[in-house]
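Presented below is the structure to which this report refers.
Since the model is a prediction, treat every value here as computed from it, not as a measurement.
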Amino acid sequence: MIESRATSVVLTMFEPSARGLRRLVAVLSVTIAVLSFNVISITAANADAYWTNAIEIPGLATLNQTAAAPGPIVCTSSGNCVSGGGLTDSSLNEQAFLAQETNGVWSSATVVAGALNVGGVALVTAISCPAVGSCTAVGFYGDNAATKHTFVISQVNGTWGFPTEVPDFTTLLTDDANVMNALSCTSNTTCVGVGTYLDHATSISQPIIFTETNGVWAAPVEALGAASSNPGGLTLVGALDCTSATSCTAAGDFFSLSAPNVFLAPFLIEEKNGVWGGVEAVPGVAALTRVLDIGLTSLSCGATGDCTAGGIYGDAAGQLQAFIVNEVGGVWGNASQLFATQTLGSGLSNSLNGIECPSAGDCTAIGEFADVQGNAQPFVVDETNHSWSPAIEVPGVQSLNNSAGATLTTISCSAVGNCSAGGTYTDANTDTQAFLVNDSNGSWSDPIEIPGTSSLNKGGVSAVSEVSCSGDGSCGVQGTYTDASTNTQLFVVNSSAIAPTSVSSAPRHVTALDKKGEITVRWSVPVSNGGTAITSYTVVSLPKSKTCTTQATSCTFKGLNKKLHYSFEVRATNADGSSVLSTKSNVVRDN
């Protein structure tokens, strides 16, 4: 399964129309904020909690003068990821960039499509990687009128080519825009993408489908039935999940902000045996909401003809509620409220922010609910054999966020019951911090603040943008933070399916005993060996720095200066190097 999701930044092509009724805008903002980027999900080993320290994407701070825009991250194996997004250059133009991790080392961020981007608005919106070193990235750039068009850049055997323009939708005129929001590739010459075009004259946008065959991108085509389904509104295609080269499902929302015809309506488009069907309204949504506020936030397919989509809707009381809709055997059922979340907190409001289905009928969903104090708290909920269990609050989150707000926004699974999810929480200083939580063999761990982000996040605003877990169980994360100048920067962090190793901690309980002209030093093994066996210990005398190396936990010195008083320190050595020295022993004198 190759799953691809879109992001809020594509709505910038609709900014002139983004003024409307506050209630619908609130629903839209939540809906769009939790839409995320490309995820590759391949049945494999555990996603686990061995996280490295977060680092700023190398070189990005030098290129980015004010605000960086989050984008996709795709990991194909441990230490091999590709990430992208946007930055603001020294001329205050918005540029697209890519960065690549190879065997655990991140390259410097590189601006792409800069020559095309004469209008100064560009962003990488989606990445798909069928194999290590074989990726395709897409995004948009601005022409001389700052109208957005789609570009593509491909990687072959680890080397990136040059960005090229994807043909525009055939009926586009001057000032009309088109953007690819989501992408799925089965090879570096065969891809499918979905996105939107915007008719500048009418401010109507419709969903379009992009195809690459044998390395050649065709002009995108409008989804069948879009014009009749969406005669006067806007479109966001939010997700694409392809279970094979000829079987894909796309999802999105039609919406209008023009009173009195204010609505938000989710839709589905399916490709079966290489043929795309028409736009279909999500069944059953009219029975859920009386106020026409309903939006998809996530889609995932465990197998061909077996998908789950979900999102949020506004109920009659004006509260947000989570809903899901399942496809089984190629037939979509009716959308229904996700009652598995109603036992949490106040039960009055909850939102579904992400779904991941590693296999048919086996899914995990994440989101947030309102606790009894009205604070948002994160939940996880599992589906097994198409049956949803009760949702649970993420274990330990109250101690992490001091009972203030927290939410999960993105999830990726390498196998059923083995997932990693990320989000944000509010700390005791009311700063927002990024956190992760891991599901191993069906058991969720306590959440952790992402290691290293506290030192990066000087401006007090940090979040997880995307999690991507690969087939070997390792994961990568892209996220945002604000630096000391309150500029938005991007970080990356990795986990591994194998516990990381390091030098051991220092030996403990060092003692020295003089007996008949010999001083014997003894110690206890370190609390941690760093993940690999300790191969030797080195004892150092103070003063004179006489040394003794041994594999045992004691060592004897002879012939020391009888006029001096000595103490001793010990360090341990393993395959990763030597520990710091222990605390000093008691003082003795060689008699």
Under 3.5 Å, is there a donor-acceptor pair linking the side chains of D306 and H386?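 H386 and D306 do have a side-chain donor-acceptor pair below 3.5 Å.
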Would you check if there is a donor-acceptor pair between the side chains of T125 and N181 at a distance under 3.5 Å?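 Their side chains do not contain a donor-acceptor pair, so the 3.5 Å distance test is not met.
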Restricting to side-chain contact (heavy atoms from CB on, under 4.5 Å), what partner residues turn up for [X], sequence neighbours left out?
{"X": "S244", "answer": "T246, S247"}
{"X": "E280", "answer": "none"}
{"X": "T164", "answer": "V152"}
{"X": "P163", "answer": "A113, F151, I153"}

[X] side chain near [Y] side chain, heavy-atom distance below 4.5 Å:
{"X": "M180", "Y": "V194", "value": "no"}
{"X": "D382", "Y": "T364", "value": "yes"}
{"X": "L352", "Y": "L338", "value": "yes"}
{"X": "Q155", "Y": "T136", "value": "no"}
{"X": "F210", "Y": "L183", "value": "no"}
{"X": "L98", "Y": "W160", "value": "yes"}
{"X": "V325", "Y": "N334", "value": "no"}
{"X": "F323", "Y": "L296", "value": "yes"}

Decide yes or no on side chain to side chain donor-acceptor pair (under 3.5 Å) for N353 and T407, but give the supporting numbers first. CA-CA 9 Å; N353 297 346; T407 185; 3.3 Å; yes
Could you measure the distance from the [atom1] atom of [X] to the [atom2] atom of [Y]? Nearest 0.5 Å is fine.
{"X": "E368", "Y": "N375", "atom1": "CD", "atom2": "CG", "value": "11.0 Å"}
{"X": "Q206", "Y": "L234", "atom1": "CD", "atom2": "CG", "value": "9.5 Å"}
{"X": "C419", "Y": "I411", "atom1": "SG", "atom2": "CD1", "value": "4.5 Å"}
{"X": "Q337", "Y": "L288", "atom1": "CD", "atom2": "CG", "value": "7.5 Å"}
{"X": "N188", "Y": "S134", "atom1": "CG", "atom2": "OG", "value": "3.5 Å"}
{"X": "I73", "Y": "C81", "atom1": "CD1", "atom2": "SG", "value": "5.0 Å"}

Can you list the steps and then say if C469 with C475 is a disulfide bond (SG atoms under 2.5 Å apart)? CA-CA 4 Å; C469 296; C475 301; 2.1 Å; yes
Taking side-chain hydrogen bond (donor to acceptor under 3.5 Å, both in side chains) as the definition, give me every residue that meets it alongside [X], ordered by chain and number, with sequence neighbours left out.
{"X": "S389", "answer": "none"}
{"X": "T150", "answer": "none"}
{"X": "T304", "answer": "T243"}
{"X": "T213", "answer": "none"}

Apply ring-ring contact (aromatic ring centres under 6.0 Å, His included) to F254 and list each qualifying residue two or more places apart in sequence or on a separate chain.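 F267.
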Checking Y141 now: which residues fulfil ring-ring contact (aromatic ring centres under 6.0 Å, His included) with it, not counting sequence neighbours?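 Only H149 meet the ring-ring contact (aromatic ring centres under 6.0 Å, His included) criterion with Y141.
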Go through V282 and L268 one step at a time and tell me if the side chain to side chain contact (heavy atoms under 4.5 Å, CB included) criterion holds. CA-CA 6 Å; V282 172; L268 300 162; 4.0 Å; yes
I need the full list of side-chain hydrogen bond (donor to acceptor under 3.5 Å, both in side chains) pairs touching residues 266-277, with sequence neighbours left out, sorted by first then second residue.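 Listed by first then second residue: T249-E270, E270-W332.
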State whether the SG distance for the cysteine pair C242/C248 is less than 2.5 Å.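 The sulfur gammas are closer than 2.5 Å, so yes.
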What do you reckon, C307 and C357 SGs under 2.5 Å?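 No disulfide here.
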Could you list the donor-acceptor pairs under 3.5 angstrom formed between side-chain atoms of residues 218-228 and any protein atom two or more places apart in sequence or on another chain?
| unit_1 | atom_1 | unit_2 | atom_2 | d |
| --- | --- | --- | --- | --- |
| E222 | OE1 | Y197 | OH | 2.8 |
| S228 | OG | G225 | O | 3.1 |

T88 vs E94, side chain to side chain donor-acceptor pair (under 3.5 Å): CA-CA, chis, key distance, verdict: CA-CA 5 Å; T88 306; E94 299 168 12; 5.9 Å; no
Could you check T235 against N230 for side chain to side chain contact (heavy atoms under 4.5 Å, CB included), going step by step and ending with a plain yes or no? CA-CA 8 Å; T235 302; N230 183 40; 3.1 Å; yes
